[in-house]
Every structure is written in C-alpha cells, then in structure tokens.
Asks: 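Just passing along the structure, written as structure tokens.
Order of listing sets the numbers, starting from 1, for every ligand and every atom in it. Residues: numbered from 1 along the sequence shown. None of these values were measured; they are calculated from a predicted model.
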Amino acid sequence: MKVLGACPLDCPDGCSWVVDVQDGKAVGLRGNKEHPVTRGALCVKVNRYLEQVHSPERLTRPLRRVGAKGEGRFEPISWDEALDEIAERLTAIVDEHGGEAIWPFHGTGSLGYLQGLEGFSGRRFFNALGASLHDPTICSIAGSTGLKYTLGTSGGMDPEDLAKSKLILVWGTNPLSSGHHVWKFVQDSGAYTVAIDPVRTRTAERCDEHLAPLPGTDAALALGLMHVIVSLDAQDDEYLAAHTEGWPEFRSRIEEYTPERTAEITGLPVERIVALGERIARTRPTAIRVSQGLQRHAGGGMALRTLACLPGVTGDWAIPGGGLHYSTSGHFQLDVPALVRFDLLPHPVRTLSMTRMGEALLETTPPVKALFVIAANPVGSNPDQRRVIEGLSREDLFTVVLEHFPTDTVDYADIVLPATMQPEHLDVIAAYGNLYLVWNEPAVAPPGECLPTTETFRRLARRLGFTDPALFESDEELATQLLKQYDIDRLRADGFLKIEPGPVPTDKLRFVSDRLAQAGHDPLAGYTPPADPGDGLVLISAASHYFLNTTFGSNPELRRRAGEPRVTLHPDDAAARGISDGDPITVGNDRGRFDAVAEVSDIVRPGVAATPKGRWAKHSGGATANATVAERDSDFGGGAVFHDNRVTITRRTVD
Ligand SMILES: Nc1nc2c(c(=O)[nH]1)N[C@H]1C(S)=C(S)[C@@H](COP(=O)(O)OP(=O)(O)OC[C@H]3O[C@@H](n4cnc5c(=O)[nH]c(N)nc54)[C@H](O)[C@@H]3O)O[C@H]1N2
Ligand SMILES: Nc1nc2c(c(=O)[nH]1)N[C@H]1C(S)=C(S)[C@@H](COP(=O)(O)OP(=O)(O)OC[C@H]3O[C@@H](n4cnc5c(=O)[nH]c(N)nc54)[C@H](O)[C@@H]3O)O[C@H]1N2
Ligand code: SF4
Ligand SMILES: [Mo]
C-alpha cells in the first residue's frame with residue numbers, strides 16, 4: 001500500500017512524500033514524483049527519516065524524572081499516571097499563580113497545522129487554562145516584518161517563476177543545503193547567478209559569481225547597487241510613479257551610498273559593487289532569492305525591507321521572473337483563527353517570546369511555573385544556552401516535554417510524553433518555499449504508546465474536567481475548519497494543491513512607511529548596522545547539510561558524515577591566533593564558550609568564522625555554538641540574532 005504524506009520539517013520545500021506500507025509497517029519513503037517541486041526527491045536528511053521512525057532510541061512511553069534535572073534519568077509510567085500528575089500540577093499552579101504561569105513553548109520540529117507549530121497544537125486547551133501566548137520569534141520574523149513594511153505582505157514571487165529569470169541573486173541563503181528543490185528552477189532558467197554570502201557555501205561554489213560581504217551589511221550593499229542603477233538612469237520611472245510611495249526621499253538616501261562608501265561598509269571591492277550594479281541595471285528580469293540567514297542580525301528586518309526595494313527601483317516586481325522570494329507563507333488563506341480559537345481565552349494574556357527563554361524563565365514576573373515544550377529543543381536551538389539551561393534547572397519549574405527522542409531538553413523534563421511521527425498522524429503542511437499545500441495521511445499505527453499531540457491535549461482537557469466541545473474536536477474536523485478556502489477533497493486525493501498567490505506589493509511599494517514611523521523607527525528604507533560589540537570574529541552558525549536544526553542530531557550515519565564539531569576560520573585570522581588546521585580550539589565570549597576543532601580555509605572571508613548549527617550539547621562537551629549567541633532582539637518583530645555574534649577564538653591545550 002502507498003500512502004501520501006508531507007514532510008513536517010522546518011524547510012522551505014514542504015515535500016510531498018509516498019510511504020510504502022507492508023504488513024502495517026512503513027518499509028519505504030520517497031519523494032512524490034507528481035509534485036512539481038518535490039519531483040520525486042527528498043534530501044540527505046529525510047532519506048533517513050524511517051531510520052528515525054524505527055530507531056531504538058525513540059521515546060515510546062510516558063516517563064517521569066527520577067534523577068536531578070539535566071541528568072536524563074527517568075522511569076516509565078502509564079498515560080493515566082502522567083495525565084493525573086500533569087492535571088494535578090496544573091490545577092495547583094493555576095490556583096496559586098493564574099493561567100499565565102503556564103507557557104506552551106512551541107518549536108519548529110513540525111510545521112504541521114494540527115500537530116505542530118503553525119496551528120500551535122494544543123492551543124485550544126491552553127486557551128481554556130488562560131495560559132501565556134507564545135511568539136515564535138526564533139526563525140524568520142524580522143524579515144517577514146520588514147517585508148510587510150515595504151510590500152504589505154511577506155509573500156513575494158512564486159519561486160517557480162525563477163525559471164523565467166535572467167539574473168538571480170542568491171542572497172544570504174544556501175539552498176543546496178537548506179532547501180535544494182528551488183535549485184531546479186534556478187538551473188532551468190539558465191540565468192547568471194550571483195551568490196552573496198560571507199561564506200563560499202556549497203551553493204556559492206555553483207554560482208557564476210560570489211561576493212562575500214561582511215555579515216549584517218547587506219542593506220548597505222543593496223543601497224550601493226541601487227546607487228549604481230540610478231547613476232546609470234536605469235530605474236523604471238513608470239513603475240516608480242505608478243506603484244511606489246516615497247521615491248524622492250528614497251532616491252536621496254540611495255545617493256548617500258556611493259560605491260566607495262558601500263565598499264567601506266561591506267568590505268567588498270568597489271569594482272565588484274559597480275559591476276554587479278551595472279549587471280542588474282541591464283538585466284530584466286532580475287530575481288532575488290533570499291532567506292532567513294541574512295536577517296539573523298540586529299538590522300535583519302530593515303535588511304529585508306531594503307532588499308525588497310531593489311525590484312521596485314528596477315520595475316522587476318511587475319515582470320514574471322522578477323522580484324524577490326523570501327517566504328511564500330503570506331500567500332496562504334488558511335483559517336488559523338478558527339483552528340487556534342483565541343476567543344476561548346477567558347481574558348487577555350501576556351505573550352512570551354520564544355527567543356527570550358532565558359529571560360522568561362529567570363527574570364519575568366509573574367514567573368513561569370509550568371512549561372510545555374512541544375516539538376522544540378531549546379537547549380540546542382535557543383540563544384544563550386547557559387541561561388536556558390539555568391532556567392530549565394529551576395526546581396520550582398514543572399516541565400513537560402513532548403518528544404520523539406531523548407534530546408538535551410528532554411533531560412530537564414519532569415514528565416516526558418511520547419509523540420507520534422509524521423507517518424503516524426494526520427496533518428496539513430503549507431510550504432514556505434513554494435505555493436503548495438500538502439496533505440499528510442496517517443500511514444501506520446504508532447509504536448508503543450505514542451500519541452498525536454492533538455490527542456494528548458484532548459486527553460488532558462478531559463482529565464482537567466473541561467467540557468467545551470471545541471477542546472475535543474477530531475483531527476479531521478480541525479483540518480476542515482482550517483481549509484475552508486480550499487478543496488480539501490482534492491487535496492486529500494492528490495496529496496497536494498497549488499494555491500493562487502496574492503498581489504505583490506499588495507497596493508503600493510512603500511519606500512517610506514507611516515506604520516514604521518508610528519512604531520518609532522526610521523520610516524525610510526535604509527541600513528541598520530550589526531550590533532554585537534567586541535572586536536572578535538563574527539561567528540555564523542548556519543544550516544548544517546546533515547541535520548535540520550537539532551533534528552537528526554543523534555542519527556548515527558548523519559552524525560558520522562557531519563564529523564566532529566568544527567569552526568572554519570580564514571588562513572589570515574588563523575595565523576594571527578597561532579591556529580593551524582585540525583587544532584583543538586575554544587570559541588567564546590562573555591555569554592559562554594564551546595570547544596571545537598579548527599578548520600582553516602578561505603571559504604570564509606577574513607573577519608568571519610563559521611560553524612554548522614544543530615549539534616547536541618550532550619554530544620559536544622555540554623555546550624554548542626548557541627552558548628555564545630545573545631538573547632538580543634533584532635530590529636523588527638523580536639527576531640533572533642544568531643549570526644550577529646562576536647567571538648574570541650583561542651587554541652586549546654589538550655592534556
Ligand atoms: N540541511 C538543513 N536545512 C535546513 C535547516 C538546517 O538546519 N539544515 N534549517 C531550516 C531552517 S529552520 C531554516 S530557517 C532555513 C534556513 O536556511 P537559510 O535561510 O539558508 O539560513 P542560514 O542557514 O541561517 O543562512 C544561510 C546563509 O546565510 C549566510 N549569512 C549569514 N549571515 C549573513 C549576512 O549577514 N549576509 C549574507 N549575505 N549572508 C549571511 C550564511 O553564511 C549561510 O550560508 O533552512 C531550513 N533548512
Ligand atoms: N546557532 C544557531 N541556532 C539556531 C539557528 C541558527 O541559525 N543558528 N536557527 C534557528 C532556527 S531558524 C530555528 S527554526 C530554530 C529551531 O529550533 P527548534 O524549534 O528547537 O527545532 P529543533 O532543534 O529541530 O527541535 C525540534 C524538536 O522537535 C521534535 N519533534 C519533531 N516533530 C515533532 C512532533 O510532531 N511532535 C513533537 N512533540 N516533537 C516533535 C524533534 O525530535 C526535535 O527534537 O533553531 C534556531 N537555532
Ligand atoms: S527537509 Fe526539506 S528537502 Fe528534505 S524532505 Fe523535508 S521538505 Fe523536502
Ligand atoms: Mo528556521
């Protein structure tokens with residue numbers, strides 16, 4: 001039997017997959033050939049997904065902590081015992097501290113609308129309790145907020161239209177590792193490709209040209225490129241007049257960014273800036289493929305806002321194959337309010353930011369007393385690892401972790417609840433790197449006592465004596481409410497459905513934004529410099545080819561291929577520190593430190609060090625790159641600043 005499913009992982013591609021089932025067991029998993037983006041291929045990681053599903057490490061029973069927090073010692077208990085204990089603790093916490101003392105911390109382990117982040121799985125139950133709201137700030141919010149100021153939407157061009165582009169700027173993204181399906185459209189286009197990345201990534205290697213600016217300076221580069229375009233009088237005056245607001249003011253700002261000044265800020269040669277500006281000026285359509293990497297900085301929101309102005313100056317927004325593609329999420333018309341039902345909250349409640357977990361657990365009042373970690377691994381993924389661990393170690397914090405694997409975060413749980421994996425539950429996925437909805441039909445029964453997250457919260461609601469029927473609706477009912485705008489029967493039968501994108505910009509492209517002025521920011525698109533003080537190297541910790549965030553972090557074969565934790569430095573920076581290739585090193589700052597092995601290579605530009613994200617702390621001497629990252633907000637939306645991170649690197653003596 002073949003069952004159609006959807007990859008739940010936090011990856012732009014939202015693949016449609018086919019599960020081969022024999023005698024009730026999933027025996028094969030492959031990409032759906034019919035899906036125009038998946039085209040029959042999954043990826044290095046998900047080709048091993050069934051190893052994860054059948055892994056002996058998989059959590060299949062509820063557990064109760066018996067050791068100290070962090071030790072990871074547990075005893076199996078029954079679901080009845082687990083539900084009783086959780087109900088008892090929650091009731092006491094709500095009585096004493098109110099519902100806001102409960103924090104459902106949702107991660108990106110599944111982007112499913114029913115079982116994962118997009119629909120805040122379990123939120124109806126948490127609404128009934130009056131629990132704090134959770135703002136998922138860790139990934140893409142700065143950029144999407146910035147784009148909305150410029151375009152009115154964060155949903156840009158249809159990436160399938162990249163096949164019509166003549167020039168593609170692959171800007172701050174490494175799709176051959178972090179979502180490779182878009183590359184097919186880049187290849188189909190035959191376009192000239194320019195990678196803009198401080199690191200010569202797998203993707204940059206394949207581009208016609210590579211520019212390596214200093215991290216966090218992209219908005220200045222964009223302004224400098226627009227300066228060259230305007231100097232050549234190559235702006236699209238008709239488009240500017242008809243579709244934009246604030247062009248005269250923005251033009252004055254562009255004029256400040258001469259190639260010389262841009263070169264000074266970005267660390268790029270003047271000639272390369274001028275040459276690229278000239279190329280853009282003469283090439284229609286030009287497209288920008290940008291993703292989350294370059295907005296993990298203090299000025300990340302402004303960077304996306306300003307990048308989106310470039311196709312406004314050239315008029316590319318009006319040409320198929322021109323424009324900018326960041327995320328397509330803004331185009332989907334899903335009825336999320338009907339799913340999450342915030343109207344069930346008894347009164348307005350506070351919002352806690354995902355990226356500020358250390359602060360929320362250690363400093364916020366009223367305090368967080370109960371934490372539900374749902375499809376997240378904050379010890380591995382959050383900024384300021386040391387403080388996150390300190391917060392999770394609090395004896396008076398009651399922590400429930402819903403998981404598949406014994407992660408670093410599970411080690412701090414009071415109760416662990418085993419969750420189903422994708423072939424074992426119903427879900428709906430909306431890709432954020434293309435315009436397809438994907439249906440995930442359950443294919444097999446879950447192992448042991450694993451439960452879908454929706455079912456876990458239905459059972460908890462019953463245990464707490466709640467009676468509102470909304471808390472007990474089935475997964476199919478939830479899917480129907482979510483998908484009102486779409487043909488659910490067709491989606492279910494075919495496994496996927498392409499949606500119609502909305503217009504971009506939604507009305508006028510705003511070089512000047514009144515909304516931004518009201519929020520207390522510069523209303524004009526511009527450049528906001530990086531913020532981490534210090535004179536060390538900038539540590540970029542971007543997507544690993546072999547892990548997806550910390551997911552797959554314990555898969556033996558992927559760990560073997562990823563090798564030991566490494567930090568890459570430029571030969572000049574290594575020499576200045578007396579470091580040779582293969583040396584043991586310590587990387588740190590006043591927030592924390594971690595150990596790694598030095599890789600000396602000119603794939604990173606001088607001033608920059610790079611290490612892949614996603615390692616587990618317990619496999620890495622107790623600390624990873626995230627020990628050095630600040631819990632500081634980006635300019636817009638409270639986004640994380642993973643790559644705006646200065647570190648000192650020293651050779652470590654090993655005895
Ligand atoms: N294999 C794999 N795939 C993944 C993930 C993974 O962990 N592994 N993670 C998934 C998730 S959650 C997300 S959000 C996406 C993220 O994927 P991407 O959007 O590609 O983001 P990053 O991997 O953070 O960074 C991408 C590139 O940006 C560069 N970069 C960093 N700072 C700057 C800057 O200031 N300017 C410029 N121009 N470039 C910069 C980095 O060197 C890196 O090569 O990928 C998803 N796909
Ligand atoms: N240094 C550095 N750190 C980063 C980043 C970076 O660029 N640099 N990127 C950040 C980004 S973009 C993101 S999105 C975050 C991601 O951070 P997290 O949201 O913490 O994601 P993961 O680390 O993948 O952990 C997800 C966990 O969910 C579990 N899981 C998967 N599916 C389910 C399910 O259906 N139910 C349940 N209960 N559990 C499930 C997986 O087993 C996994 O342990 O990391 C951030 N961390
Ligand atoms: S991680 Fe991305 S590329 Fe890999 S199967 Fe999932 S959606 Fe497709
Ligand atoms: Mo992400």
Side-chain angles (χ1 to χ4, degrees), residues 6-15 17 31 38 41-47 49 52 106-110 112 115-117 121 136 138-140 171-175 177-181 196-199 201 203-204 211-218 221 290-297 300 303 354-355 373-378 380-383 401-405 407 409-410 417-422 425 427 429 431 433 452-453 456 530 538-553 604 608 610-614 624-626 628-629 640 642-645:
C7 176
L9 300 177
D10 186 352
C11 166
D13 296 5
C15 285
W17 72 30
T38 305
L42 297 172
C43 65
V44 171
K45 311 164 296 286
V46 176
N47 287 336
Y49 194 82
Q52 299 294 95
H106 294 269
T108 65
S110 161
Q115 312 300 341
L117 179 72
S121 191
I138 209 158
C139 179
S140 59
W171 204 328
T173 183
N174 178 17
S177 290
S178 63
H180 68 87
H181 292 85
I196 304 175
D197 195 309
V199 184
T201 59
T203 307
L211 266 73
L214 285 164
T217 66
D218 302 278
L221 177 59
V290 56
S291 61
Q292 290 75 33
L294 74 75
Q295 51 96 61
R296 308 202 198 289
H297 290 274
M354 180 171 184
T355 11
V373 179
I374 306 162
N377 182 12
S381 289
N382 263 64
V401 180
L402 284 74
E403 251 300 346
H404 302 148
F405 287 93
T407 63
T409 304
V410 163
L417 299 176
T420 42
M421 290 181 78
Q422 196 73 345
H425 56 220
D427 216 338
I429 300 288
T453 304
T456 295
V538 180
L539 180 66
I540 291 178
S541 45
S544 158
H545 194 70
Y546 302 101
F547 307 125
L548 202 137
N549 295 316
T550 69
T551 303
F552 297 103
V604 295
V608 170
T611 191
K613 67 173 168 175
T624 68
N626 291 46
T628 61
V629 176
F642 292 106
H643 308 326
D644 194 339
N645 180 26

Asks: Give the atom numbers and elements of ligand 2 that come within less than 4.0 Å of a heavy atom of T407.
Replies: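 In order of numbering, the contacting atoms are 44 (O).
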
Asks: Kindly write out the residues that satisfy side chain to side chain contact (heavy atoms under 4.5 Å, CB included) with S178, not counting sequence neighbours, or none if the list is empty.
Replies: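 Side chain to side chain contact (heavy atoms under 4.5 Å, CB included) list for S178, sorted by chain: T173, A543.
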
Asks: Quick one: list whatever passes side chain to side chain contact (heavy atoms under 4.5 Å, CB included) with N645, sequence neighbours left out.
Replies: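 Residues passing side chain to side chain contact (heavy atoms under 4.5 Å, CB included) with N645: D532, L539, N589, R591, T628, V629, V647.
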
Asks: Can you list the atoms of ligand 3 that are under 4.0 Å from a heavy atom of H181?
Replies: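 Taking each heavy atom of H181 in turn, ligand 3 has 3 (S), 8 (Fe) under 4.0 Å.
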
Asks: Just to verify, which of C7, P8, C43 counts as forming a side chain to side chain contact (heavy atoms under 4.5 Å, CB included) with Y49?
Replies: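 Testing each of C7, P8, C43 against Y49, the sole residue satisfying side chain to side chain contact (heavy atoms under 4.5 Å, CB included) is P8.
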
Asks: Under a 4.0 Å heavy-atom cut-off, what residues line ligand 1?
Replies: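 Close residues (ligand 1, cut-off 4.0 Å): D10, K45, C139, W171, G172, T173, N174, S177, S178, I196, D197, P198, V199, T201, P215, G216, D218, S291, Q292, G293, L294, R296, H297, Y432, I540, A542, A543, S544, H545, F547, L548, N549, K613, H643.
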
Asks: Can you list the ligand 2 atoms lying under 4.0 Å from a non-hydrogen atom of H404?
Replies: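 It comes down to these atoms of ligand 2: 30 (N), 31 (C), 32 (N), 33 (C), 34 (C), 35 (O), 36 (N), 40 (C), 42 (O).
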
Asks: Any atoms of ligand 2 less than 4.0 Å from a non-hydrogen atom of A419? List them with their elements.
Replies: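 So the atoms of ligand 2 that pass are 36 (N), 37 (C), 38 (N).
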
Asks: Against heavy atoms of M354, which atoms of ligand 2 measure under 4.0 Å?
Replies: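 Listed by number with element, the hits are 19 (O).
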
Asks: Going by chain and residue number, what protein N/O/S atoms come nearer than 2.8 Å to atom 6 (Fe) of ligand 3?
Replies: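 Sorted hits: C7 SG.
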
Asks: Quick one: which ligand 2 atoms are inside 4.0 Å of a heavy atom on S110?
Replies: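 In order of numbering, the contacting atoms are 32 (N), 35 (O).
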
Asks: Return the CE to OG distance between M354 and S381, rounded to the nearest 0.5 Å.
Replies: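 Separation between the atoms: 7.0 Å.
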
Asks: Of all the heavy atoms in H106, does at least one lie under 4.0 Å from an atom in ligand 2?
Replies: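 No heavy atom of H106 comes that close to ligand 2.
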
